[in-house]
Structures are given as C-alpha cells and as structure tokens.
A.B. asks: 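Got a structure here, written out as structure tokens. Questions coming.
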Amino acid sequence: MWNQNATTFAHSFEFGKPHGIFIDRHNNIYVADTDKHTIQIWLNENENENERKEIGNIGNNPHSLFVSNDNYIYFEISDRIIKKIDPSYTAREQVETVDDRCYGLFIDINDTLYCSVKEKHKVIKFSLKNGTNNVIIAAGRKDSSGSALDTLNQPWGIFVDRQFNLYVADCGNNRIQRFRPGQVNGTTIAGLEPINGKNLSCPTGVVLDGNNHLFIVDQNNKRIIMFNSIRFECVIGCSYEHGSSQLDKPYALAFNSMGDMYVVDSHNKRLQKYNFISTSCSKKSYKSHIKLFL
C-alpha cells in the first residue's frame, strides 16, 4: 500500500501547470508544464533545485509526453504537432502532425506510437520504424463520440501492454475501455459499478504495473483507484477530506522502480509523491514493471 500522507516533490515554484508525467528505468522524472511551455526533468529523482533541468523553446502548451528506450522525449504541443527531443536535449524534430491535441501518448514494445485525440474521440497510432508514418485509428470512430463499445467520448490517458491490449481512460463516458489487438469493440473494465461508493468521474489516467494491477486517475473524484485482479479499491484520496495531501484535478500518475507513486496534482500546481509501504518482494514487482514496459 501507499502512505496516505504525501510529500510534495515539486510545487508551484517549479510549475505553471503540470500535465503529463513519465518516469524512466533510471528514475528520471519528466513532466510537461503546459503553462510555462517547458518540460521539467529531475535526474534520478534528485529534488535539488540545481539538479533540475528545464527544456524550453519546444512550442506552446505541451500536454502529454513519453520517453522511448533510446531516451528520446516524445511530446505534443497545441499546434497539433508531435515532436521529439534527442537525449542531449538539444535537437528538436517534428514526428507527425495530427488533427487535434493528444491528451495521452504511449509507445509500445514494437515502436508504435499511440495518441489519444481527445476532441476527435479516438485513439490513433503509427509506426516509428523506417519513417513510415501511416496513421490509423486504433480505437473509436473517426470524429464521432458515443458510449457504444466501438466509440469513445473524450479519451484521455492510454496504456498498451506487452500483448498490445490498449487501455483507454474514456473521460466523457466515465469508464476505462480495453481494446484487444485488431478488435473494434472495446470491453468496459471499470465504470459499470460504483467504487467505494462513487462512480468514476472523468478518469484521465490509466496504468498497469508488472503484476497487471490496474491504476486509474479518477480526476473529478480526486482519487486514485486500483484493481488488483480481484476487486477495485480506492488507494489515494479516499477520505474526501481537505488537507495538504488532498488532490485537486489529478491528471496522471507514474511509478518509480521502488513502487512509489507520483501523481500530477494539476490544479494545485504540484507533483505529489506517495511512498510505497510493503515487503521487499512487492517492491521487486515494481522494478519488473519498469523493465517490462520500457
């Protein structure tokens, strides 16, 4: 489990308004700051202000980001362009132009990039290999919202596992959808029943760990939900009480190699850290999560 008393890893002195987050296998933390038009980087989780790197001049309002195995930072900006930055943080390169903003980015183990195009109600994908960017729809209908199994309504965070199952935080439908490879219809795996007395309300993040536990950022309910293959339970923000650890419009989460959870607490303009408290065996499972999906 996680310590309910969060520590603020980074706050408004560093941020304008944080959105996307990524933590790589070396525990380097990357956060897209949509108001300051920058990407903030903390190497090896070092909180020392002098060690924090800020990448500017990348374009307007970066929202989502993903770091590839070869350490390129992929991100999107409000000009509806997906870009990448090389590992030296110097060279910028345009990767693809999309028809609206990506609210989630993900690169699977086959070097396919996925983008959840929120206002067009779809998830698109294209291969990063050999420069053949043939964009296709991975989930949802073209520019058409809906609540059927083959439609989405303002999709946000996305995750793709090793079997190429696509998980979508379907914000407008208050549910999490799973799309099997090649399948048009998704399966609703969260959102049909209340969890701890509340229905999902605009989920914006979805992550699987190395044990296939599913984590959901339940934005409007200001909490984090976990499914442990047996039942759903609230793990962060469950008391609905006000205080220093209370979330306000959380957008995304990520884990370090020890299982500590970082939550982008956007409206509070901070990054919250929840320490993982369990046995050493449990912590090893989170190390495997980093190796498994990156």
Side-chain angles (χ1 to χ4, degrees), residues 7-107 113-119 126 128 131 133 156-158 204-205 217 248-256 262-273 294:
T7 58
T8 298
F9 182 84
H11 46 65
S12 58
F13 292 110
E14 289 98 339
F15 289 129
K17 191 172 185 181
H19 274 227
I21 183 173
F22 189 93
I23 302 178
D24 67 17
R25 70 187 73 195
H26 304 295
N27 291 328
N28 300 319
I29 301 173
Y30 306 77
V31 176
D33 190 327
T34 188
D35 281 0
K36 295 179 71 174
H37 317 291
T38 61
I39 293 174
Q40 311 279 1
I41 304 173
W42 290 265
L43 298 178
N44 299 309
E45 297 182 278
N46 194 329
E47 297 180 68
N48 189 324
E49 175 65 22
N50 294 327
E51 298 296 324
R52 178 172 60 93
K53 296 182 179 295
E54 183 174 285
I55 305 176
N57 300 317
I58 60 174
N60 293 325
N61 308 113
H63 195 291
S64 53
L65 79 168
F66 195 97
V67 182
S68 64
N69 283 332
D70 53 1
N71 298 316
Y72 279 83
I73 305 171
Y74 289 78
F75 64 99
E76 64 81 45
I77 56 177
S78 61
D79 298 323
R80 303 176 181 179
I81 297 172
I82 299 173
K83 291 185 175 183
K84 67 178 181 180
I85 300 174
D86 74 327
S88 68
Y89 312 141
T90 55
R92 279 83 161 159
E93 181 181 341
Q94 181 170 324
V95 177
E96 185 61 76
T97 301
V98 292
D99 55 358
D100 215 312
R101 301 216 59 181
C102 296
Y103 273 57
L105 286 178
F106 198 95
I107 300 174
L113 187 147
Y114 296 73
C115 156
S116 59
V117 191
K118 176 173 172 277
E119 299 303 329
F126 59 88
L128 295 173
N133 297 355
W156 205 296
I158 50 179
T204 53
V217 181
D248 189 6
K249 293 289 184 182
Y251 279 162
L253 67 82
F255 294 100
N256 67 10
Y262 286 80
V263 179
V264 176
D265 190 14
S266 184
H267 278 211
N268 284 321
K269 297 184 178 182
R270 63 187 181 181
L271 181 60
Q272 296 292 82
K273 180 181 180 180
L294 300 184

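All residue numbers in this chain count up from 1 along the given sequence. Computed from a prediction, not measured in an experiment: that's the story for all the values here.
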A.B. asks: If you measure only the distance, is there a donor-acceptor pair under 3.5 Å linking the side chains of Y30 and D24?
C.D. replies: yes

A.B. asks: Which residue pairs satisfy the ring pair (Phe, Tyr, Trp, His ring centres under 6.0 Å) criterion with at least one member in residues 75-102, sequence neighbours excluded?
C.D. replies: none

A.B. asks: Closest heavy-atom contact between L105 and C115?
C.D. replies: CD2-CB, 4.0 Å

A.B. asks: Nearest 0.5 angstrom please: I85 CD1 to R92 CZ, how far?
C.D. replies: 5.0 Å

A.B. asks: Would you say the side-chain atoms of T38 pair up with the backbone N or O of I55, donor to acceptor, closer than 3.5 Å?
C.D. replies: no

A.B. asks: Could you go through L65 and I39, starting from their C-alpha distance and side-chain angles, then the distance that decides it, and tell me whether this counts as side chain to side chain contact (heavy atoms under 4.5 Å, CB included)?
C.D. replies: CA-CA 9 Å; L65 79 168; I39 293 174; 4.0 Å; yes

A.B. asks: Looking only at heavy atoms, which two atoms of G104 and S116 are closest? And how far apart?
C.D. replies: N-OG, 2.8 Å

A.B. asks: Between T97 and I82, does the side chain to side chain contact (heavy atoms under 4.5 Å, CB included) criterion hold? Intermediate values first, please.
C.D. replies: CA-CA 6 Å; T97 301; I82 299 173; over 6 Å; no

A.B. asks: Hey, mind stepping through T8 and Q272 against side chain to side chain donor-acceptor pair (under 3.5 Å) and telling me if it holds?
C.D. replies: CA-CA 5 Å; T8 298; Q272 296 292 82; 2.7 Å; yes

A.B. asks: Is there a donor-acceptor pair under 3.5 Å between the side chain of N27 and the backbone N or O of N256?
C.D. replies: no

A.B. asks: Could you tell me whether the side chain of I29 reaches within less than 4.5 Å of the side chain of Q40, counting heavy atoms only?
C.D. replies: no

A.B. asks: Measuring from atom CG of L113 to atom CG of L128, what distance do you get when rounded to the nearest 0.5 angstrom?
C.D. replies: 5.0 Å

A.B. asks: Just verifying a value: how many Å separate E96 CD and F126 CZ, rounded to the nearest 0.5 Å?
C.D. replies: 5.0 Å

A.B. asks: If we only count heavy atoms from C-beta on, is the V264 to L271 side-chain gap below 4.5 Å?
C.D. replies: yes

A.B. asks: Using the test side chain to side chain contact (heavy atoms under 4.5 Å, CB included), find all partners of N46 that sit at least two apart in sequence or belong to another chain.
C.D. replies: N48, E51

A.B. asks: I'd like to know whether CG of N57 has more than 12 heavy-atom contacts from other residues, nucleotides or ligands below 6.0 angstrom.
C.D. replies: no

A.B. asks: Testing the basics here: between I58 and K83, what is the closest heavy-atom pair and its distance to 0.1 Å?
C.D. replies: O-NZ, 3.5 Å

A.B. asks: Sort out for me which residue in N268, T204, V217 forms a side chain to side chain contact (heavy atoms under 4.5 Å, CB included) with P250.
C.D. replies: V217

A.B. asks: Once you round to the nearest 0.5 Å, how far does OG1 of T7 lie from CZ of R270?
C.D. replies: 10.5 Å

A.B. asks: Per the disulfide (SG to SG under 2.5 Å) rule, what does the pair list look like for residues 42-101, sequence neighbours excluded?
C.D. replies: none

A.B. asks: Nearest 0.5 angstrom please: Y114 OH to S64 OG, how far?
C.D. replies: 15.5 Å

A.B. asks: Considering residues at least two apart in sequence or located in another chain, which fulfil the salt bridge (charged side-chain N to carboxylate O under 4.0 Å, His left out) criterion with E119?
C.D. replies: none

A.B. asks: My understanding is that only one of V31, L253, V263 makes a side chain to side chain contact (heavy atoms under 4.5 Å, CB included) with I21; could you say which?
C.D. replies: V31

A.B. asks: Scan the side chains in residues 10-19 for donor-acceptor partners under 3.5 Å anywhere in the protein, sequence neighbours excluded, and list what turns up.
C.D. replies:
| unit_1 | atom_1 | unit_2 | atom_2 | d |
| --- | --- | --- | --- | --- |
| H11 | ND1 | F13 | N | 3.3 |
| H11 | ND1 | E14 | OE1 | 3.3 |
| E14 | OE1 | H11 | N | 3.0 |
| H19 | ND1 | H63 | NE2 | 2.7 |

A.B. asks: Before giving the answer on side chain to side chain contact (heavy atoms under 4.5 Å, CB included), spell out for I73 and D86 the whole-Å C-alpha distance, their side-chain angles and the decisive distance to 0.1 Å.
C.D. replies: CA-CA 7 Å; I73 305 171; D86 74 327; over 6 Å; no

A.B. asks: Kindly determine whether V98 and E76 satisfy side chain to side chain contact (heavy atoms under 4.5 Å, CB included), including the steps that lead there.
C.D. replies: CA-CA 9 Å; V98 292; E76 64 81 45; over 6 Å; no

A.B. asks: What's the shortest heavy-atom distance between F22 and V67, and which atoms?
C.D. replies: CZ-O, 3.3 Å

A.B. asks: What pairs with N61 under side chain to side chain contact (heavy atoms under 4.5 Å, CB included), at least two apart in sequence or on another chain?
C.D. replies: T34, H37, S78, R101

A.B. asks: Would the distance check show the side chain of N28 and the main-chain N or O of N44 forming a donor-acceptor pair, the cut-off being under 3.5 Å?
C.D. replies: yes

A.B. asks: Run the ring-centre check on F66 versus Y74 and record whether the distance is less than 6.0 Å.
C.D. replies: no

A.B. asks: Are F9 and W42, when compared by the centres of their aromatic rings, separated by less than 6.0 Å?
C.D. replies: yes

A.B. asks: Nearest 0.5 Å please: distance from the OG atom of S68 over to the NZ atom of K84.
C.D. replies: 7.5 Å

A.B. asks: Where do K53 and L43 come nearest, in terms of heavy atoms and distance?
C.D. replies: CE-CD1, 3.4 Å

A.B. asks: For the side chain of D265 and the backbone of K269, is there at least one donor-acceptor N/O pair under 3.5 Å apart?
C.D. replies: no

